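See below for the structure under consideration.
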Amino acid sequence: MLAPEDYMRRALELAERGLYTTSPNPRVGCVLVDEAGEIIGEGWTQPAGQNHAEIQALLDAAARGKSVAGATAYVTLEPCSHFGRTPPCCDALIKAGTGRVVAAMQDPNPLIAGQGFERLGAAGIAVSSGLMQAQASALNEGFISRITHGRPFVRLKIAASLDGKTALANGVSQWITGEAARADAHHWRARSCAVLTGIGTVLADDPLLNVRAVETPRQPLRIVLDSQLRTPVSAKILQGGNTLIVTANGDSTRHEELKTAGAEILHLPASDGHIDIVALLPILGQRGINELLVEAGATLNAAFMQSGYVDEYLFYLAPTLLGDPARGIAALPAFESLEERIALHFHAVTQIGEDLRILARPAWVA
């Protein structure tokens, strides 16, 4: 018989299979284990509107011809207790005769938040929570951020030289980092619900900003902050639709032109001529955006950095030096003292091809 941690680790592995597909729902895995310690059913949450992890595991057990009576369900998140797009999972576990539920963490959703545990307990099912909670929480940082703070988890991606430059002084930037790092960046796009950039990047680079280097059944929403509505109707980022342009320009003719080209238009008042990021983030949360990946230029990078709403920095650093005149990563104002600096701590450092991938977080984040 395996240790409880081994079963939960397997449930977390299953949950990761929904990394690109479950949004706006959380990524959840479930393992059913009989009294002899044999795994008799496995499942992970399917795309929104389809089966949750527990239901998939129960179906898997049935397909194997296994009885779930008295079995233990190892699940990475508290089983849901309310009717959403699907019926409550805790009811399905009760009906199947499950004897015990071991959850990694309680669901932060106030519609559930312990009620699933209570319903299971009232049915005579033993319940425990907290096993490998940190790992389960890390897998669903976006969902947790949206549910608890009403905004997405914001990840700011920057590809730069070792001396912190993103392009030559003349704007040439393709390519500073290597092919492996660029492919890796597509994984972060794929797991994000939306990828955001600014009009400066659209005009300078004309990016598609979609996922190409990894297989995914879902493309993230592409968001352009364009206060003056300068996005050309021929811009690649409009191809295939699934593009949101956020603007302060109320020109109805331009709105219609861009809608015809495939864009959705969101009008927000400008702050000092720029889109108000702080006002935008709750709107994205209301749209079910769990993780937001920002891939922008120095001006928008600085705006996000100064907003205080960057949860994680994703740096790709190439082993090359571009020199002082080259363009920097962020157009931050001149600081007068070291106390004004933006302090970070390294969360993970990995070599990707010839480059370094550094995940860093604000120093105030535990």
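What you see is a predicted model; the values in this text were computed from it and never measured.
- Between the Asn290 side chain and the Pro24 main chain, a donor and an acceptor come within less than 3.5 Å of each other.
- In this structure, a donor-acceptor pair under 3.5 Å is present between the side chains of Thr243 and Arg222.
- To the nearest 0.5 Å, the span separating CG on Leu314 from CH2 on Trp188 amounts to 6.0 Å.
- The side-chain contact (heavy atoms from CB on, under 4.5 Å) test applied to Lys95 returns no partner, not counting sequence neighbours.
- Closest approach of Ala15 to Val28, counting heavy atoms only: CB-C, 3.5 Å.
- With values rounded to the nearest 0.5 angstrom, Ser252 atom OG is found 11.0 Å from His267 atom NE2.
- The existence of a salt bridge linking Glu38 and Arg64 is excluded, since no basic side-chain nitrogen approaches an acidic carboxylate oxygen closer than 4.0 Å.
- For Ser227, there are no side chain to side chain donor-acceptor pair (under 3.5 Å) partners two or more places apart in sequence or in a different chain.
- Counting heavy atoms from C-beta outward, Asp311 and Arg361 have side chains that stay 4.5 Å or more apart.
- Side chain of Asp163 to main chain of Leu322: a donor-acceptor pair is present (N/O by atom type, distance under 3.5 Å, no hydrogens or angles).
- The shortest side-chain heavy-atom distance between Thr76 and Met105 does not fall under the 4.5 Å cut-off.
- When the salt bridge (Lys or Arg N to Asp or Glu O under 4.0 Å) test is applied to Glu295, the partners found at least two apart in sequence or on another chain are Lys157, Arg189.
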Can you give each donor-acceptor pair under 3.5 Å made by side-chain atoms of residues 123-140, sequence neighbours left out, with the distance rounded to 0.1 Å?
residue : atom : partner : partner atom : Å
Asn140  : OD1  : Arg27   : N            : 2.6
Asn140  : ND2  : Arg27   : O            : 2.9

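- Although no hydrogens or angles enter the test, the distance criterion places no donor-acceptor pair under 3.5 Å between the side chain of Thr177 and the main chain of Ala181.
- Taking every heavy atom of both residues into account, Leu93 and Pro79 meet most closely at CD1-CG, 3.9 Å.
- Between the Arg119 side chain and the Gly114 main chain, no donor and acceptor come within less than 3.5 Å of each other.
- Counting heavy-atom neighbours within 6.0 Å of Glu340 CD, excluding the residue itself, gives a total above 12.
- Legend: residues meeting ring pair (Phe, Tyr, Trp, His ring centres under 6.0 Å) with Phe315, ordered by chain and number and at least two apart, are Tyr313.
- Salt bridge Arg10/Asp6: absent, no basic N to carboxylate O contact under 4.0 Å.
- Atom CG in Leu156 sits 8.5 Å away from atom CG in Leu293 (nearest 0.5 Å).
- With Leu238 as the fixed residue, the side-chain contact (heavy atoms from CB on, under 4.5 Å) test singles out one of Thr260, Leu258, Leu208: Leu258.
- Considering only heavy atoms from C-beta on, Phe117 stays 4.5 Å or farther from Cys90 through its side chain.
- His186 contributes a side-chain N or O that, together with a main-chain N or O of Arg212, makes up a donor-acceptor pair within less than 3.5 Å.
- In terms of modelled atom types and a separation under 3.5 Å, the side chain of Asn249 and the main chain of Gln228 share a donor-acceptor contact.
- Residues Leu120 and Ile94 have side chains in contact (heavy-atom distance under 4.5 Å, counting atoms from C-beta outward).
- Here the side chain of Asp107 pairs a donor or acceptor atom with the backbone of Asn109 at under 3.5 angstrom.
- The local environment of CD in Gln239 is crowded, with over 12 non-hydrogen atoms from other residues, nucleotides or ligands closer than 6.0 Å.
- A single hydrophobic cluster is seen to contain both Ile144 and Leu77, as judged by linkage of ILVMFWY side chains at heavy-atom distances under 4.5 Å, directly or through other members.
- Using modelled atom types and a 3.5 Å distance limit, the side chains of Gln46 and Asn51 yield no donor-acceptor pair.
- Using a 4.5 Å heavy-atom threshold, the side chains of Thr247 and Leu268 count as separate.
- No more than 12 heavy-atom neighbours from other residues, nucleotides or ligands sit within 6.0 angstrom of OH on Tyr309.
- Shortest non-hydrogen contact noted between Cys30 and Ala73 is SG-CB, 4.4 Å.
- Asp226 places no side-chain N or O within 3.5 Å of a backbone atom of Ile199 that could act as its donor or acceptor partner.
- Side-chain atoms of Thr22 come within 3.5 Å of backbone atoms of Asn25 as a donor-acceptor pair (strictly under, hydrogens ignored).
- Closest approach of Ala296 and Asn301 over heavy atoms only: O-ND2, 3.6 Å.
- One finds the OG1 atom of Thr201 at 7.5 Å from the CG atom of Leu300 (value rounded to the nearest 0.5 Å).
- Ile289 places a side-chain heavy atom less than 4.5 Å from the side chain of Pro152.
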Run the side-chain donor-acceptor check on residues 353-360: report pairs under 3.5 Å with partners two or more places apart or on a different chain.
residue : atom : partner : partner atom : Å
Asp355  : OD2  : Gly178  : N            : 2.7
Arg357  : NH1  : Asp184  : OD1          : 3.1
Arg357  : NH1  : Asp184  : OD2          : 3.1

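- Considering only heavy atoms from C-beta on, Gln306 comes within 4.5 Å of Pro333 through its side chain.
- Placement of Ile223 and Val278 within a single hydrophobic cluster is found when ILVMFWY residues are connected by side-chain heavy-atom separations under 4.5 Å, directly or transitively.
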Would you check, one step at a time, whether the test salt bridge (charged side-chain N to carboxylate O under 4.0 Å, His left out) holds for Glu35 with Arg100?
-> CA-CA 10 Å; Glu35 294 175 286; Arg100 181 168 169 246; over 6 Å; no
Show your reasoning for whether side chain to side chain contact (heavy atoms under 4.5 Å, CB included) applies to Val33 and Leu2.
-> CA-CA 10 Å; Val33 181; Leu2 299 175; over 6 Å; no
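- The pair Lys66-Asp60 does not meet the salt-bridge criterion, since no charged nitrogen lies less than 4.0 angstrom from a carboxylate oxygen.
- The line from CZ of Arg17 to CD of Gln56 is 11.5 Å long, rounded to the nearest 0.5 Å.
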